[in-house]
Amino acid sequence: MKLTLKIWRQPDAATAGSMHTYDVDDVSGDMSFLEMLDVLNEQLNAKGEEPIAFDSDCREGICGMCGLMINGEAHGPVTTTTCQLHMRSFSDGDTITIEPWRSTAFPVVKDLVVDRGAFDRIIQQGGYISVNTGSAPEAHSVQVPKEAADRAFDVATCIGCGACVAACPNGSASLFMGAKITHLGELPQGQAERDSRVVNMVAQHDHEGFGGCTNIGECTAACPKEIPLDVISQLNRDLRTAIKHGH
Amino acid sequence: MTDMPDTTLTSHPSIDVPLEVDTDDAVDYYTPGAPISDTKAPDGPIDQRWSTRKFEARLVNPANRRKLSVIIVGTGLAGASAAATLGEAGYVVKSFCYQDSPRRAHSIAAQGGINAAKNYKEDGDSVHRLFYDTVKGGDYRSRESNVYRLAEVSTNIIDQCVAQGVPFAREYGGLLDNRSFGGVQVSRTFYARGQTGQQLLIGAYQALERQVHAGTVETFTRHEMLEVIVVDDGAGQSRARGIIARDMVTGEIQTHLADVVVLASGGYGNVFYLSTNAMGCNVTAAWRAHRKGAYMANPCYTQIHPTCIPVSGAHQSKLTLMSESLRNDGRIWVPKNKADCAKDPREIPEADRDYYLERIYPSFGNLVPRDIASRAAKYQCDDGRGVGPEVDGVRRGVYLDFADAIGRLGQEAVEEKYGNLFDMYARITGENPYEVPMRIYPAVHYVMGGLWVDYDLQSSIPGLFVTGEANFSDHGANRLGASALMQGLADGYFVLPHTIRDYLADGPFEKVEETHPAVVAARESVEKRIEHFLTVGGTRSVDSYHRELGHIMWEYCGMERTEDGLKKAIEEIRSLKDEFNRNLKVLGSADSLNQSLEKAGRVADFFELGELMCIDALNRRESCGGHFRAESQTDDGEALRHDDQYAYAAAWEFGGEGEKPILHKEDLVYTAIEMKQRSYK
Ligand SMILES: Cc1cc2nc3c(=O)[nH]c(=O)nc-3n(C[C@H](O)[C@H](O)[C@H](O)COP(=O)(O)OP(=O)(O)OC[C@H]3O[C@@H](n4cnc5c(N)ncnc54)[C@H](O)[C@@H]3O)c2cc1C
Ligand code: SF4
Ligand code: FES
């Protein structure tokens, strides 16, 4: 198929960007979206135009490195990551608009690449269980009810891609944060730090410039791992409890 | 260096089939060097060596640790776990990765699980059995002391991960579930659905970020290490004292100095261009160290995984693995008649299908080890009976059929077990595997080769330690499923933190200035290389060279290797590399994010590695594990080892620019286990 692509280009964080239009031919339905961009980049390189910068690594939907706004939707029209989106989801003659994640807390680095360092800084504030290497008790000394273990797993599948933030009109990272709060909060091992964890992570979230959650639900709709909206309720409940406990 | 530790129970190689031709095929390609040995593993009974070493390794006073700095390149399981643990101990740690977050290292992609000798199922598992299985699985080409230690610390890993909140699969009673994996007869694999690597890595990542908060670890994301700094300490000893890294966003070339350097930079499977590795996986960190004196061991040992989604066209950028658990229920076949290859498989009657694994290996059937399953698929396709789309005139695919399983267990049960894999397959191929048999083909998946290390995980450069897939130590010629995750975490959490202290007990070392000639030289060589890539001004893109190199490697240094093929590959690599240096086209600048420039450096190193892999494969005229030399097989086409001549690890020293590499052999001595020839018939 033949496609017209409108792509955001921006040399670096300090320089203003703009949309550019490119044509690509010979796109097959078996190509992934990023392979289609590879083909375009080969063409640009041959013409002497600098290739378009975009992030990806595993290209199998698990590392969370990729992420593009495709026709205004985070990761495009299918519930998956950008790298797992295939061109058979598009038709010959389509025009596709491609932009980077848009959020104050994710500044553009170049073209379609953004800086998601804010996510790491949120985790630094308490997204863990404090246990030094070697000090762990025998694994079977604590039983975890299967339902809790399954729920913890389901929400621990978050890949930290940032689509939830990009999709949210407020630019909130509540889904990302709620997933971590719920993962650790479901487990007996996570209880000791439950209060401080939520308080400190939320403080960092706000400090980074992410917006507040007003329950719109665009985040869940865009999430490639289908993290459910109720992790945000869990986050809010934990926050209230922590405040009640005097945090 | 002293000799190998004295061993009493040495069993001599049991199979001594004399070689038909008694020549070294690689004789013109290398210079023989002195033998080497591992001087760090203590003597004595195998089950006490690690305790002995831990006891003998000197301690570092907690107050001194704050004065000792450690650079760790890599944030996968092997790097993140080490950074967290050394940070907790109080050392000053700098952690580097090329991704935008430590959490994205390629360990994240592991699906199947992690082994540990917990024996929770009471099915006869033990540390000794895990040790035995791993040595046997490695086809008796690994170092027994290292493997024993790996099995020994495996149980601590599970304890640690559970305490961190890794959500392993559990049974209804709330205890951990296990499965049997990769043809092993005990259930010792712990898993978190199909995302074990992700969950383990998130655990290690969180421990790492906790240390960032505590101020002991500083992370450098989107930083690529491009050189190691080796400095003479004035007493005639050269030591690794730092790295040169490029800030991939600003292009700034930075010097980072420390008392010790750890490489946990992962595997180099991307030398084949198409592999199941992530796009950025590379050999640069390891290769730069190699060029500075670190020996590269067994580089030709590559693992090719049989259950990957086949190539769909020339645009293909990477291959996707599907867990080999699929082989538990799927049946592998190709049409008996070439004429049927393009047909809808559902229309090919039973009588016209060749279930070739079940036919050739009646007792193991579809569950034969990875290398056997892979090679068998290649032979069917070479024979013109492959299926799926023609790419470059050949159909490279075989069917993995679940029709029987669906008939026997019902679609729901199959969905329950494999649903996520089926979904992934459907998304990538656009076909519904519940209705049409899946197509699979082997792909490069893992490299057993890597930088040579001793029992302490120290390379041949003092002060340079290597952990995880980047080293060669534990898997011999073939790795068992669920053992790489185990090794990464064993190295990082439980081994390196003990062995590195013995080295650091001599520190802090004399301060190195940025103006030191060795530092300046390292920096300048990096700058010169970057300048070179940007000014060649040719016509071909980096990717086009990488793809062509990959073709050569896959064709001649892939599933089956021959003397002629390898020699041809070496010639082709050399001439392609020559063209690469004259005709490369990299646009953009050095002082901004430039992905083509990053790739150029990696591909340049892959060229040199590829050549060494071929030389190593040429030298080893035997078949073992993932390395199959067509000249060394039994009458019925089985791999044939030659323990009389090749029971060594090949440690290659860089011979200088344009010079032949130097081969140092480390004899592999088994005291606790007897060498046997594999048979899966
Ligand atoms: C698809 C797939 C499935 C697998 N499934 C399993 C499984 O089920 N069980 C199992 O045991 N094993 C499995 N493996 C193997 C296993 O995942 C890997 O061998 C292991 O995770 C490697 O870990 P590592 O820490 O050594 O390296 P990696 O996780 O690859 O990490 C490498 C790190 O080094 C950094 N790095 C590399 N080069 C540089 C540089 N020049 N400068 C700066 N940083 C650099 C990277 O940024 C990264 O942080 C699988 C592998 C693949 C590809
Ligand atoms: S919650 Fe979903 S969308 Fe948000 S970072 Fe995690 S995986 Fe991505
Ligand atoms: S590239 Fe890893 S999730 Fe898309």
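Chain A is the first sequence line, chain B the second, and so forth, proteins listed ahead of strands; every chain is numbered from 1.
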Original post:
Without hydrogens or angle criteria, can the side chains of B:S101 and A:R116 be said to hold a donor-acceptor pair below 3.5 Å?
Top reply: no

Subject >> Validation row: B:S596, A:P51 side chains within 4.5 angstrom (heavy atoms) >> reply: yes

Original post:
Looking at B:R104 and A:D57, does any basic side-chain N land under 4.0 Å from a carboxylate oxygen?
Top reply: no

Original post:
After noting the C-alpha distance and the side-chain angles of B:L208 and A:Q124, does the key distance pass the side chain to side chain contact (heavy atoms under 4.5 Å, CB included) rule?
Top reply: CA-CA 9 Å; B:L208 171 82; A:Q124 281 158 21; over 6 Å; no

Original post:
Should the pair A:E60-B:K318 be classified as a salt bridge under the 4.0 Å nitrogen-to-oxygen rule?
Top reply: yes

Original post:
Contact part of A:S141 toward chain B, heavy-atom cut-off under 4.5 Å: side chain, backbone, both or neither?
Top reply: neither

**OP:** Locate the shortest heavy-atom distance separating B:M424 from A:Q84; write the atom from each residue and the value.
**Re:** CG-OE1, 4.4 Å

Subject >> Residue pair A:N45 / B:K585, side-chain heavy-atom distance below 4.5 Å >> reply: yes

Original post:
Can a salt bridge be assigned to the pair B:K118 and A:E138 using a cut-off of 4.0 Å between side-chain N and carboxylate O?
Top reply: yes

**OP:** Would you indicate whether the side-chain heavy atoms of A:I123 and B:Q206 approach each other to under 4.5 Å?
**Re:** yes

**OP:** Indicate whether the side chain of A:R59 and that of B:N277 have a donor and an acceptor atom separated by less than 3.5 Å.
**Re:** no

**OP:** Determine the interplanar angle of the B:Y120 and A:H140 rings, folded into 0 to 90°, and report it as parallel if under 30°, tilted if 30 to 60°, perpendicular if over 60°.
**Re:** parallel

Subject >> Heavy-atom pair count under 4.5 Å with chain A, highest-scoring of B:P389, B:S317, B:S312, B:G165 >> reply: B:S317

Original post:
Looking at B:R193 and A:D154, does any basic side-chain N land under 4.0 Å from a carboxylate oxygen?
Top reply: yes

Subject >> Side-chain heavy-atom pair A:D30, B:T429 within 4.5 angstrom cut-off >> reply: no

